[in-house]
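Heads up: the structure comes next, in C-alpha cells.
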Amino acid sequence: MTALDYSERIPNNVDLASDRTLQRALEQWQPKFLTWWKELGPSDFNGADVYLRTATSVDAKGWATYGAVKMPDYRWGIFLADRIPDRRIGFGDAMGEKVWEQVPGEYRSTLRRLIVTQGDTEPASVEQQRLLGLTCPSLYDLRNLFQVNVEEGRHLWAMVYLLHAYFGRDGREEAEALLQRHSGDRDNPRILNTFNEPVTDWLSFFMFTYFTDRDGKFQLKSLAESAFDPLSRTCRFMLTEEAHHMFVGDTGIARVIKRTLEVMKELGTEDSEAIRKAGAIDLPTIQKYLNFWFSSSVDLFGAEVSSNAATTFANGIKGRPDEANFEDHDCRNANFALETPADDGAIRIEQVAMRSAMNEVARKGYIKDCEIGVVRWSKLIEKAGYAFRLRLPNPRFNRSVGVWAGGTYDPDGNYVPPELWSASRERWLPSESDKAFVRSLMKGVTEPGKMAAWIAPPDRGINALPVNYEYVRLA
Ligand SMILES: [Fe+2]
Ligand SMILES: [Fe+2]
C-alpha cells in the first residue's frame, strides 16, 4: 500500500520527487490550473469553508478524511491505484502478455487521444456547474456540488499527469490545451457535445451526475482494462471517487420526486399546473429532463460500428467495462446483432463484427445500469399510489451520434414522421417554458438544515453528520 505524500507541493503516490524534470513541468502547470479554477471554477465560494473529503490512501476502504477546506486550498494530487503484481493484458490480440509500463510507439497517438478526450470532460463539468452554488437548495447540496467539482479537478490532474509523464512535449501541449478549451465556448469548445450543454439548474445537475457521470464510470471502466498500466491504475482510483458523484444524482432525483409526491398528496391532485403553483416540479417535467440527459449521455459512447473501437480492442488499449465478466476476450470471430434503421422507419438487424461493435456493447451495459435508479424512483411513485412511471427513453430517441442520429423516433423508439416529431418535441424534451419554470424555483437556501421547497431533505448527512450540519461556512 503506497502512502500518499502530502508534504510535497503536489501530493502524489508516484514518487514524483525522484523525477525532477517531470516534477518541475507539473509545478509549472499547477499555477495555470489554479488560475483556471479561480476564473472558471465555482463562482463566489472560494473563501468558504467546505466540509470536503480528501483522499488519504488509494485503498478502497477508508481512503479519505473529511474536514473544512477552502476550495482553492484543496490538495489536488496524483494518485494511482496500487500495482497488481504480474498484471497481464486481459483481451485482444496480445491477451496474456505483460502489461505496458511505457507507451508503445505505435499506439502513442491513439492513447494520447483517449487520455485527452477523457481529460477534457473533467474541467468541462466544473465549468458547466460553476454558477450552481448561487442557487443551492441547501448547504448539504452545496457541499456535494463542491465535492464533485474538486474531484473533477483532481481527475483533470490525473490525466495531465499521464500526459506529462508519458507523452513528452506533445503531452505538455495537450495539458495546456485542456485549460484553454471551455465548455460552450463558441470558438474553442470542449470536445464532446454533452460537456458543452449548460447546467444552470439543480434538476439538470442531478440528471447530469446520474447520467453523464455514469458515462464517465463506464469510460473509466473501459480504460481501467487498458494494457497501458499507468492509465489502468489511474482510472481504477478515479472510479472510487466517481461513485459519490452518481450517488449525488441518484439521491438528488429521488428527493425531488419525494417532494413532488408530498405536494401531490397535500393538494390531492396530479395536475401539473397545481403542483407547479405549489412550488414543486411535476413528474412529467422530471421525465422530460431525464429524456434529455439520458439521450445526450448515450451519444457519448460513440458510433455503433467503429473501426477505432475495433482497433483499440484488438491492440489492448481499451477493453469493455468489466472485461472479466465476458466469456470471450478475443472476439475475433464473434458477431453482434445490431439494430439499424431501414427504409420507411423500419428497423433491421445487421450482423457486424463484434470487435467493431464494442461501443455498442459498452452502451448496452450503461443503459442497464441507468435503469436501476429509474426503477427505484418509479417505485416511490407507485408506493405513493400514483400510476405515473418514470422510464428511460428508447436509445433511438433524440440521438446526435451513430446510426440513429437525426432520426425521428419517439421515446418508445417508434419512427414518427419529422413533422410529427417537431410538433411533439415539447412533450418529450424540456421546452423553454419548462426550463423557465425550473429556473424560477432556483433560489439559494443557505441556512443550516433548511431545504428549498422543491426538494425533500436527504435521509442522512455526510460522514455520519446530521443533515442540519453547517456543511459550508460562508465567508
Ligand atoms: Fe471525473
Ligand atoms: Fe464525476
Side-chain angles (χ1 to χ4, degrees), residues 33 36-37 40-42 50 52-55 58 60 63-64 71 74-81 114-130 132-133 141 143-163 175 178-179 181-183 190-197 199 202 204-224 226 231-253 293-294 296-297 300-301 318 321 362 366 369-370 373 462:
F33 169 82
W36 166 81
W37 179 269
L40 289 164
V50 187
L52 293 176
R53 73 175 180 193
T54 303
V58 290
W63 58 278
M71 283 186 282
Y74 187 77
R75 302 303 312 277
W76 285 284
I78 299 159
F79 310 129
L80 274 59
L114 283 174
I115 292 168
V116 165
T117 307
Q118 179 62 41
D120 194 67
T121 66
E122 314 289 357
S125 65
V126 177
E127 294 168 350
Q128 285 170 291
Q129 297 162 15
R130 71 180 299 263
L132 285 175
D141 290 289
R143 177 266 168 207
N144 283 345
L145 166 71
F146 293 156
Q147 184 70 61
V148 171
N149 290 161
V150 293
E151 284 172 353
E152 301 304 5
R154 207 204 65 73
H155 294 175
L156 171 61
W157 269 97
M159 294 297 125
V160 164
Y161 163 71
L162 293 174
L163 290 169
L178 284 168
L179 296 176
R181 285 185 292 273
H182 298 313
S183 179
R190 291 297 176 182
I191 296 170
L192 300 168
N193 234 344
T194 310
F195 295 90
N196 288 306
E197 299 285 356
V199 180
W202 281 75
S204 297
F205 171 65
F206 293 137
M207 293 291 175
F208 184 98
T209 42
Y210 187 80
F211 290 110
T212 312
D213 281 85
R214 190 173 310 274
D215 158 73
K217 166 182 165 183
F218 276 74
Q219 301 304 334
L220 293 176
K221 274 177 175 282
S222 294
L223 296 174
S226 180
L231 174 61
S232 166
R233 293 171 57 206
T234 303
C235 291
R236 272 193 283 132
F237 183 61
M238 288 163 77
L239 281 163
T240 313
E241 293 165 311
E242 205 61 61
H244 174 70
H245 307 181
M246 287 172 286
F247 163 87
V248 169
D250 190 358
T251 53
I253 295 167
W293 285 104
F294 174 75
S296 183
S297 303
L300 291 168
F301 288 84
K318 188 180 175 187
Y366 165 80
D369 206 42
C370 287
I462 294 295

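Atoms within a ligand are numbered from 1 in the order they appear, just like the ligands themselves.
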Report for the Fe ion (ligand 2), protein N, O or S closer than 2.8 Å, by chain and number, lists Glu152 OE2, Asp213 OD2, Glu242 OE2, His245 ND1
Pair listing, salt bridge (charged side-chain N to carboxylate O under 4.0 Å, His left out) test, anchored in residues 236-246, at least two apart = Arg154-Glu241
List in chain and number order the residues that pass salt bridge (Lys or Arg N to Asp or Glu O under 4.0 Å) with Arg53, two or more places apart in sequence or in another chain; answer none if no residue qualifies.
-> Glu151
Going from CD1 on Ile115 to OG1 on Thr234, what distance comes out if it is rounded to the nearest 0.5 angstrom?
-> 8.0 Å
Can you check side-chain contact (heavy atoms from CB on, under 4.5 Å) on Val126 and Trp37, steps first, answer last?
-> CA-CA 9 Å; Val126 177; Trp37 179 269; 4.0 Å; yes
Asp213 vs Glu152, side-chain contact (heavy atoms from CB on, under 4.5 Å): CA-CA, chis, key distance, verdict | CA-CA 10 Å; Asp213 281 85; Glu152 301 304 5; 2.9 Å; yes
Mind checking salt bridge (Lys or Arg N to Asp or Glu O under 4.0 Å) for Asp141 and listing every partner two or more places apart, or none if nothing turns up?
-> Arg255
